[in-house]
Amino acid sequence: MSSGNFSFPTSVSYGPGCRQELAQVLDGLKVKKPLLVTDPGLLTTPVVEAVKKAAGRDCVVFSEVHGNPIEADVGAGIVTGKQIGRAHV
């Protein structure tokens, strides 16, 4: 599988090696304290810790979402982000 990028309307990177680009992308966006959003299923895998490490900065994890997020999940994530001082998701 090769990696790639697309925008719809936000930029999305996918494929092998993309995780290694995360810190640079966050730097470019001036994100210092990201809120990492995942579902409870992924929370129990090594993926979340690998993404946190690749971010190269303090990440707080929010996992109170459905596997296929619903509108209420988005609202809860926004509230949580504001409560803990995270401006970027």
Side-chain angles (χ1 to χ4, degrees):
M1 177 179 191
S2 62
S3 62
N5 296 299
F6 69 90
S7 297
F8 187 74
T10 57
S11 178
V12 175
S13 296
Y14 60 91
C18 289
R19 188 172 55 223
Q20 285 72 31
E21 300 170 6
L22 182 56
Q24 182 180 352
V25 169
L26 293 173
D27 288 344
L29 295 170
K30 298 184 181 1
V31 176
K32 296 187 184 329
K33 299 179 181 181
L35 178 65
L36 176 58
V37 179
T38 186
D39 64 54
L42 273 178
L43 187 61
T44 62
T45 71
V47 172
V48 173
E49 286 305 316
V51 170
K52 287 172 63 176
K53 182 178 178 183
R57 64 209 71 213
D58 177 39
C59 294
V60 170
V61 177
F62 176 73
S63 63
E64 297 173 30
V65 299
H66 294 84
N68 188 8
I70 61 173
E71 187 174 341
D73 297 338
V74 176
I78 291 169
V79 168
T80 298
K82 287 180 178 179
Q83 287 175 342
I84 62 174
R86 303 292 162 140
H88 299 90
V89 177

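Scope of the values below: all heavy atoms of this structure, side chains included, with no hydrogens, waters or symmetry mates.
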Just distance, no hydrogens or angles: give the donor-acceptor pairs under 3.5 Å from side chains in residues 54-74, sequence neighbours left out.
unit_1: Arg57; atom_1: NE; unit_2: Ala55; atom_2: O; d: 2.8
unit_1: Arg57; atom_1: NH1; unit_2: Asp27; atom_2: OD1; d: 3.1
unit_1: Arg57; atom_1: NH1; unit_2: Val31; atom_2: O; d: 2.7
unit_1: Arg57; atom_1: NH2; unit_2: Ala23; atom_2: O; d: 3.2
unit_1: Arg57; atom_1: NH2; unit_2: Asp27; atom_2: OD1; d: 2.8
unit_1: Arg57; atom_1: NH2; unit_2: Ala55; atom_2: O; d: 3.3
unit_1: Asp58; atom_1: OD2; unit_2: Arg86; atom_2: NH2; d: 2.6
unit_1: His66; atom_1: ND1; unit_2: Asp73; atom_2: OD1; d: 3.1
unit_1: His66; atom_1: ND1; unit_2: Asp73; atom_2: OD2; d: 2.9
unit_1: Asp73; atom_1: OD2; unit_2: His66; atom_2: N; d: 3.0
unit_1: Asp73; atom_1: OD2; unit_2: Ile70; atom_2: N; d: 3.0

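Contacts classified as salt bridge (Lys or Arg N to Asp or Glu O under 4.0 Å) and involving residues 9-19 (residues at least two apart or in different chains) are not found.
Between the CD atom in Glu21 and the CG atom in Leu26 there is a gap of 11.5 Å [rounded to 0.5 Å].
No path of Ile, Leu, Val, Met, Phe, Trp and Tyr side chains, each step under 4.5 Å between heavy atoms, connects Val37 with Val79, placing them in separate hydrophobic clusters.
Pairing each heavy atom of Asp39 with each of Leu42, the nearest pair is OD1-N, 2.9 Å. For the pair Val51 and Leu36, the tightest heavy-atom approach, listed with the atom from each and the gap, is CG1-CD1, 3.9 Å.
Take Glu49 and apply the salt bridge (Lys or Arg N to Asp or Glu O under 4.0 Å) test, not counting sequence neighbours, and it matches Lys52.
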